[in-house]
Student: 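I have a structure I would like to understand better, so I am pasting it below and will then ask my questions one at a time.
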Amino acid sequence: MSSADPQPAPGETAPQQGADWGDHAQWDWRGHGCHWRRLGPPDGPALVLLHGFGAASGHWRRNAGPLAAAGWCVYGLDLIGFGASSQPGLDRHQALDNRLWSRQVQAFLAEVVQTPAVLVGHSLGGLVALTCSVYFPQWVRAVVAAPLPDPSLLMAGRRPPRRPPWRRRLKRGVVHVLLRLLPLELVVPLLAHSPLLDLGIQSAYHHPVIGDQELRRLIARPARRPGAVRALRAMSIGMGLRPYRATAVSLLQRLGRPTLLVWGAQDRLVPVEVSQQCLRLRADLDLHVVPSCGHCPHDEAPDAFHGAVLSWLERLQTG
């Protein structure tokens with residue numbers, strides 16, 4: 001296990017913004033190399049940033065600096081399969097889903113951060129933050145999900161009937177076969193090296209971002225790594241076969257930590273209407289909707305995002 005304290009090069013200070021923000025380090029967990037970074041006063045309260053699907057800790061390029069300036073010790077962690085962390089393939093003993101990522105976050109809190117923290121997650125990272133808060137509540141002070149995605153939230157909160165064992169085995173077999181047959185070895189490199197990637201990124205934003213080369217690089221670089229295809233297949237199978245208790249609907253019903261939802265009003269990937277289903281499940285959730293913003297409120301409207309998150313955290317501390 002290695003969790004060396006990140007240090008800037010002699011005579012240099014950690015970048016406060018941009019995709020390379022913070023001081024970087026590597027941490028080993030269960031045989032996986034995990035990239036992480038830190039910015040802000042080491043003795044400040046801990047806040048961990050968790051990126052969304054296809055992204056990495058560099059996507060918090062406009063957030064880490066202002067959060068650190070507000071007194072928080074800000075950490076960014078690349079989830080397994082993403083960014084500069086390990087990209088494992090299928091493992092029958094270790095599904096690559098939000099349960100594994102939440103265990104990665106808890107171990108990171110215990111071994112590296114060494115104190116409970118506020119978890120701030122974008123999209124998939126929001127689901128991971130929620131999962132960690134339910135599985136390991138003693139390590140999580142509060143959760144910010146910006147936004148919270150999960151197909152289970154589109155089912156009006158109805159728990160699916162429990163299928164007999166043969167149907168569960170059939171579903172598992174079908175999912176494995178379909179995702180093994182998908183020509184991801186052709187599709188992923190094509191997307192990573194073509195203008196189609198720009199269109200995919202643009203779908204997550206309301207305002208034009210085509211031409212933002214820093215954004216394109218931080219999305220494209222992990223997709224071009226040798227393990228990207230096997231990791232994508234593993235997480236597609238893992239997330240597709242999660243048990244009901246690992247879905248957002250079940251997790252919200254067991255939630256025991258203060259939680260803020262931040263949603264872009266023009267989110268095309270996870271429409272803002274999904275936030276109302278979250279509130280129907282848990283009326284004590286706080287919701288902040290950012291106008292004229294898509295799926296990435298932290299990156300597209302950083303000032304509005306910081307204002308909402310910091311004021312909410314201040315109310316928690318003084319309440």
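Atom set for the values below is all heavy atoms of this structure, side chains included, hydrogens, waters and symmetry mates excluded.
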Student: Fit a plane to each ring of Y75 and F108, take the angle between them on a 0 to 90° scale, and name the class: parallel (under 30°), tilted (30 to 60°) or perpendicular (over 60°).
Tutor: perpendicular

Student: How far apart are the C-alpha atoms of L281 and V249, what are their side-chain angles, what is the distance that settles it, and do they pass the side chain to side chain contact (heavy atoms under 4.5 Å, CB included) test?
Tutor: CA-CA 7 Å; L281 290 166; V249 168; 4.0 Å; yes

Student: According to side-chain hydrogen bond (donor to acceptor under 3.5 Å, both in side chains), does anything in residues 45-55 pair up with another residue at least two apart or in another chain? List the pairs.
Tutor: none

Student: Please list all pairs passing the salt bridge (charged side-chain N to carboxylate O under 4.0 Å, His left out) test where one or both residues lie in residues 251-279, with sequence neighbours left out.
Tutor: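 For residues 251-279, and leaving out neighbouring residues, there are no salt bridge (charged side-chain N to carboxylate O under 4.0 Å, His left out) pairs at all.
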
Student: For the residue pair L261 and C278, establish whether any side-chain heavy-atom pair is separated by less than 4.5 Å.
Tutor: yes

Student: At what distance, to the nearest 0.5 angstrom, does CG of L251 lie from OG1 of T131?
Tutor: 4.5 Å

Student: Given 3.5 Å as the limit, does a donor-acceptor pair link the side chain of R225 with the main chain of G83, or not?
Tutor: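 At least one qualifying donor-acceptor pair exists.
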
Student: Do P297 and H288 make a side-chain contact, defined as non-hydrogen atoms from C-beta onward lying under 4.5 Å apart?
Tutor: no

Student: Who passes salt bridge (Lys or Arg N to Asp or Glu O under 4.0 Å) against R280, sequence neighbours left out?
Tutor: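 If we apply the salt bridge (Lys or Arg N to Asp or Glu O under 4.0 Å) test to R280, skipping adjacent residues, there are no hits.
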
Student: Less than 4.5 Å apart, side chain to side chain, heavy atoms only: is that true for I80 and P88?
Tutor: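 Yes. Closest side-chain heavy atoms under 4.5 Å.
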
Student: So which heavy atom on V290 is nearest to which on A304, and how close?
Tutor: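 Minimum heavy-atom separation between V290 and A304: CG1-CB, 4.0 Å.
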
Student: Using 0.5 Å steps for rounding, measure from the CG atom of L127 to the CG atom of N98.
Tutor: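 The CG atom of N98 is 4.5 Å from CG of L127, to the nearest 0.5 Å.
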
Student: Just by distance, do the side chain of Q17 and the backbone of R62 share a donor-acceptor pair under 3.5 Å?
Tutor: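 No, because the side chain of Q17 does not come within donor-acceptor range (under 3.5 Å) of the backbone of R62.
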
Student: Give the intermediate values and the outcome of side chain to side chain contact (heavy atoms under 4.5 Å, CB included) for residues R99 and R245.
Tutor: CA-CA 10 Å; R99 294 172 297 172; R245 286 179 64 82; over 6 Å; no

Student: Is the ring pair H298/F305 parallel, tilted or perpendicular, if the boundaries are 30 and 60 degrees?
Tutor: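 Geometry flag for F305 against H298: perpendicular rings.
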
Student: Are D150 and R242 close enough for a salt bridge, meaning some N to O gap below 4.0 Å?
Tutor: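 Counted as a salt bridge, because a side-chain N and a carboxylate O are separated by less than 4.0 Å.
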
Student: What distance do L313 atom CG and T318 atom OG1 have between them, rounded to the nearest 0.5 Å?
Tutor: 10.5 Å

Student: Minimum heavy-atom separation for A68 and P41, please, with both atom names.
Tutor: O-CD, 3.8 Å

Student: Do W21 side-chain atoms and S57 backbone N/O form a donor-acceptor pair below 3.5 Å?
Tutor: yes

Student: Could you go through the side chain to side chain contact (heavy atoms under 4.5 Å, CB included) check for L153 and V270 one step at a time?
Tutor: CA-CA 10 Å; L153 293 169; V270 185; over 6 Å; no

Student: Can you pull out every ring pair (Phe, Tyr, Trp, His ring centres under 6.0 Å) where at least one residue sits in residues 195-226? Sequence neighbours excluded, please.
Tutor: none

Student: Using 30° and 60° as the class limits, which term best fits the ring planes of H24 and H35: parallel, tilted or perpendicular?
Tutor: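 Tilted.
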
Student: Do the rings of W29 and H32 sit parallel, tilted or perpendicular, given the 30° and 60° boundaries?
Tutor: tilted

Student: Measuring only between side-chain heavy atoms, which start at C-beta, is Y244 closer than 4.5 Å to S152?
Tutor: no

Student: Under the ring pair (Phe, Tyr, Trp, His ring centres under 6.0 Å) test, which residues partner H306, sequence neighbours left out?
Tutor: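 With sequence neighbours excluded, H306 shows a ring pair (Phe, Tyr, Trp, His ring centres under 6.0 Å) to no residue whatsoever.
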
Student: With a 4.5 Å limit on heavy-atom distance, are the side chains of H295 and H122 in contact?
Tutor: yes

Student: Is S85 reaching over with its side chain to a backbone N or O of D78, donor-acceptor style, under 3.5 angstrom?
Tutor: yes

Student: Atom CG of L241 and atom CG of D97: how far apart are they, to the nearest 0.5 Å?
Tutor: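 Result: 9.5 Å between the selected atoms.
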
Student: Taking salt bridge (charged side-chain N to carboxylate O under 4.0 Å, His left out) as the cut-off, I'd like each qualifying pair that reaches into residues 51-61, sequence neighbours left out, listed once.
Tutor: R61-D212, R61-E214, R61-D299

Student: If we ignore hydrogens and angles and just use 3.5 Å, is the side chain of Q87 paired with the main-chain N or O of A231 as donor and acceptor?
Tutor: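 Flag not set: sc Q87 to bb A231 has no pair under 3.5 Å.
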
Student: Would you find a donor on one side and an acceptor on the other, under 3.5 Å apart, between the side chain of S236 and the backbone of L232?
Tutor: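 Yes; at least one donor-acceptor contact below 3.5 Å.
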
Student: State, with a plain yes or no, whether a side-chain heavy atom of Q106 is found less than 4.5 Å away from one of Y135.
Tutor: no

Student: When rounded to the nearest 0.5 angstrom, what distance separates CG in L96 from CH2 in W101?
Tutor: 4.5 Å

Student: For the residue pair L79 and F53, establish whether any side-chain heavy-atom pair is separated by less than 4.5 Å.
Tutor: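 No - every pair of side-chain heavy atoms lies 4.5 Å or more apart.
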
Student: Looking at side-chain heavy atoms only, is the closest gap between C132 and L119 below 4.5 Å?
Tutor: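 Answer yes - side chains close enough.
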
Student: To the nearest 0.5 Å, what is the distance between CZ (F136) and CG (L109)?
Tutor: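 It is 10.0 Å, given to the nearest 0.5 Å.
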
Student: Are the side chain of S250 and the backbone of T247 linked by a donor-acceptor contact shorter than 3.5 Å?
Tutor: no

Student: More than 12 heavy atoms of other residues, nucleotides or ligands under 6.0 Å from CD of Q202: yes or no?
Tutor: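 Buried by this count: over 12 neighbours within 6.0 Å.
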
Student: Hey, mind stepping through L77 and F82 against side chain to side chain contact (heavy atoms under 4.5 Å, CB included) and telling me if it holds?
Tutor: CA-CA 10 Å; L77 175 66; F82 297 102; over 6 Å; no

